[in-house]
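Letters go in sequence order (proteins before strands), and every chain restarts at 1. Not measured: the values here are computed from a predicted model.
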2 protein chains.
Amino acid sequence: MLKKERHDFIMRQINLHNRVLTSDLVQLLNVSEDTIRRDLQELVDENLLYKVHGGALSKSYHSSFDDSTVYARDSKIAIGKKAVQLIKDGMVVLTGGGTTILEFVKRLPQGLSATFFTISPLVAVELAKYNNIEVILIGGLFSKNSQVTYGGQVITQLSEIKADLCLMGTSAIHPEEGLTDTYWEINQLKKAMLACAKKTAVLCISEKLDIALRLRVCPIESISYLITELDLDHESLSRYREKELNIL
Amino acid sequence: MLKKERHDFIMRQINLHNRVLTSDLVQLLNVSEDTIRRDLQELVDENLLYKVHGGALSKSYHSSFDDSTVYARDSKIAIGKKAVQLIKDGMVVLTGGGTTILEFVKRLPQGLSATFFTISPLVAVELAKYNNIEVILIGGLFSKNSQVTYGGQVITQLSEIKADLCLMGTSAIHPEEGLTDTYWEINQLKKAMLACAKKTAVLCISEKLDIALRLRVCPIESISYLITELDLDHESLSRYREKELNIL
DNA sequence: AACTTTATCGCACAAACACGCATAAAAACG
DNA sequence: CGTTTTTATGCGTGTTTGTGCGATAAAGTT
């Protein structure tokens with residue numbers, strides 16, 4: 001087995017399970033521990049995973065966890081500010097959940113008059129502070145992990161909405177693979193959200209760039225705006241700039 | 001399980017519940033106390049939590065929330081504790097919103113397994129901290145004043161629910177006039193909530209006793225439990241004791 | 001004051017790791 | 001084609017890290 005194949009195998013395992021043990025890989029791939037360690041080190045150098053004692057963890061796995069520790073807050077604020085530019089009076093906007101979206105909401109102009117649909121209770125509460133914004137919370141099963149509503153009922157309701165713009169956070173984005181996610185239900189949800197908005201803006205802190213997870217939400221072409229905290233000419237964005245995509 | 005995963009798990013517990021017991025973690029993670037203590041110490045070194053005798057506390061706990069600014073909080077806590085007694089494993093419960101309900105939710109037993117429907121985003125978020133509670137958030141227009149969803153869509157959805165118990169806060173209660181309210185929409189909402197539950201418990205701080213407002217929600221007979229912070233034999237309750245009503 | 005629960009410390013041991021070296025296959029080169 | 005260089009892998013050795021155990025101390029409880 002070639003080294004490259006091993007690397008691919010390891011990355012598949014990581015994206016599938018979010019974690020991998022050195023000892024398991026030794027067994028599965030039938031090579032020495034040293035080889036695995038070297039492989040992991042090389043993947044770390046390529047910024048593809050996180051190495052810990054005993055194995056390695058997915059990079060995206062992290063960020064999905066510690067959101068309540070106001071993780072990477074500065075970046076999220078920067079993204080939020082950029083996203084505000086997309087919002088005009090009279091718009092009908094659909095938003096997902098997550099701390100990035102929350103920072104965005106906090107930075108909306110006071111007088112803004114608009115209609116917001118959201119699947120996130122926390123976003124709804126925050127939006128309610130604006131007098132001229134009408135807030136519609138889409139109800140359904142409530143996800144303990146991602147703190148948004150999900151499930152069939154949500155999708156049914158989404159199908160009845162026609163929004164001007166959909167703002168969503170992201171688990172992972174990749175120039176070829178597009179938007180991807182780990183959980184089936186969230187995947188379905190995002191698809192439904194995309195389907196009911198004329199345009200979609202993806203809010204994405206830079207460390208979630210160039211990552212592809214198990215389930216495909218949509219190709220990169222389905223996205224209208226990509227908003228990161230980086231400067232427009234930052235080299236990490238070059239591969240996205242080639243696509244038909246407005247980068248903010 | 002990798003150490004890093006344990007750390008993440010602990011942080012999630014902390015961020016969820018604001019506190020965590022060493023002994024619980026030992027059970028949940030199936031490692032020795034020493035390991036947990038070392039984990040906690042390391043997280044302290046990373047400035048992620050406070051360590052106390054018996055467990056650890058969230059750093060953001062103190063600063064983050066309104067808690068102390070809640071009006072008549074002690075009374076509401078007392079009411080919350082009493083209300084918890086009504087909840088049994090396997091129940092389907094419907095709740096309204098408000099700070100009293102919120103105090104109730106915070107005092108539910110950890111292991112409780114039940115289904116909760118709610119019209120309050122904040123209540124939903126709080127309920128999501130319990131692993132064995134299924135939370136369904138009822139969606140619709142979001143009221144800026146009362147921080148609950150309301151309107152036709154909510155009422156339609158309520159009509160499809162059959163709950164064992166409905167817990168609601170109250171604007172006013174009167175021995176003759178029953179439950180009353182000021183706003184038309186909230187009035188309609190409460191009627192719909194009552195209609196879909198076998199029994200109803202009203203959570204009510206004593207100062208809202210003996211008040212009648214403009215719109216009638218229901219006669220006193222429609223209520224199964226009245227929960228206040230007062231002792232059972234307090235004289236303010238005498239006129240309610242005469243009715244067919246369980247007083248807690 | 002007696003007792004129970006938690007913490008702390010030193011130690012032991014196994015698993016995971018890093019580093020240098022040896023080997024062999026693959027690639028590069030004249 | 002033969003020689004050199006590079007790359008990939010495994011092995012041995014010593015080191016570090018993670019974990020549990022027992023004894024003792026400190027903090028809470030009654």
Side-chain angles (χ1 to χ4, degrees), chain A residues 1-62 65-66 69, chain B residues 1-62 67 74 77-78 81 84 106-107 109-111 129 131:
Chain A
M1 174 175 262
L2 270 55
K3 186 157 81 143
K4 180 78 174 94
E5 291 179 289
R6 258 192 346 256
H7 284 198
D8 288 347
F9 181 87
I10 293 173
M11 285 315 295
R12 254 206 318 281
Q13 291 292 314
I14 287 260
N15 286 334
L16 223 54
H17 304 115
N18 281 328
R19 60 173 277 204
V20 75
L21 302 181
T22 310
S23 54
D24 287 354
L25 289 175
V26 168
Q27 282 219 323
L28 286 165
L29 296 171
N30 212 36
V31 290
S32 75
E33 290 198 356
D34 297 71
T35 303
I36 296 298
R37 265 193 273 280
R38 272 186 284 250
D39 285 344
L40 293 179
Q41 187 53 53
E42 282 156 29
L43 292 170
V44 166
D45 295 342
E46 289 173 58
N47 228 339
L48 293 173
L49 49 75
Y50 201 159
K51 201 153 141 345
V52 295
H53 195 94
L57 297 172
S58 156
K59 285 186 76 189
S60 62
Y61 164 81
H62 268 321
F65 252 160
D66 43 4
T69 55
Chain B
M1 176 174 255
L2 297 163
K3 186 160 79 143
K4 179 75 178 123
E5 289 182 294
R6 253 191 351 254
H7 284 196
D8 287 342
F9 180 89
I10 293 172
M11 283 316 294
R12 194 163 56 166
Q13 291 292 315
I14 286 258
N15 289 329
L16 234 48
H17 302 118
N18 284 326
R19 47 166 257 172
V20 73
L21 302 181
T22 310
S23 52
D24 286 354
L25 289 174
V26 167
Q27 281 222 322
L28 286 166
L29 295 170
N30 213 35
V31 290
S32 75
E33 291 197 354
D34 298 69
T35 302
I36 295 297
R37 279 200 199 91
R38 271 187 284 249
D39 285 344
L40 293 179
Q41 187 53 53
E42 281 158 30
L43 293 170
V44 165
D45 294 343
E46 289 174 58
N47 235 324
L48 294 173
L49 46 75
Y50 287 127
K51 203 149 117 27
V52 294
H53 196 90
L57 298 174
S58 161
K59 283 207 102 183
S60 52
Y61 178 63
H62 305 283
D67 267 10
D74 292 343
I77 291 174
K81 281 183 186 165
V84 165
K106 286 182 184 165
R107 275 153 192 88
Q110 260 304 320
K129 296 179 182 175
N131 284 324

Next item on the list: For K4(A), answer base if it contacts any base atom (sugar-phosphate contacts may also be present), sugar-phosphate if it contacts only those atoms, and nothing otherwise; contact means non-hydrogen atoms under 4.0 Å.
Entry: nothing
Check: Is the distance from OP1 or OP2 of dT19(D) to the nearest side-chain N or O of R6(B) less than 4.0 Å?
Finding: yes
Check: To the side chain of E33(A), which of dG10(D), dG28(D), dA16(C) is closest?
Finding: dA16(C)
Check: Contact class for V52(A) (heavy atom, under 4.0 Å): base, sugar-phosphate, or nothing?
Finding: sugar-phosphate
Checklist line | Value rounded to 0.5 Å, distance of NE2 in H7(A) from CG in L29(A) | finding: 10.0 Å
Next item on the list: Kindly indicate whether the side chain of D34(A) and the base of dC11(D) share any N or O donor-acceptor pair separated by less than 3.5 Å?
Entry: yes
Check: If you round to the nearest 0.5 Å, how far is CG of L21(B) from CD of Q13(B)?
Finding: 10.5 Å
Note to self: Determine whether D8(A) and R12(A) satisfy the following criterion, salt bridge (Lys or Arg N to Asp or Glu O under 4.0 Å), listing intermediate values before the conclusion.
What the structure shows: CA-CA 6 Å; D8(A) 288 347; R12(A) 254 206 318 281; over 6 Å; no
Notebook entry, point to check: Looking at T35(A), does any N or O in its side chain come under 4.0 Å of the phosphate oxygens OP1/OP2 on dG10(D)?
Noted result: yes
Notebook entry, point to check: Any side-chain N or O of K51(B) less than 4.0 Å from the OP1 or OP2 oxygen of dT8(C)?
Noted result: yes
Notebook entry, point to check: Using a cut-off of less than 4.0 Å, is there contact between a side-chain N or O of T22(A) and OP1 or OP2 of dC17(C)?
Noted result: yes
Next item on the list: Any chance you could measure D39(A), atom CG, to M11(A), atom CE, to the nearest 0.5 Å?
Entry: 12.0 Å
Margin query: Checking contacts here: which listed nucleotide (dA8(D), dG20(D), dC19(C)) is nearest the side-chain heavy atoms of K3(A)?
Written below: dA8(D)
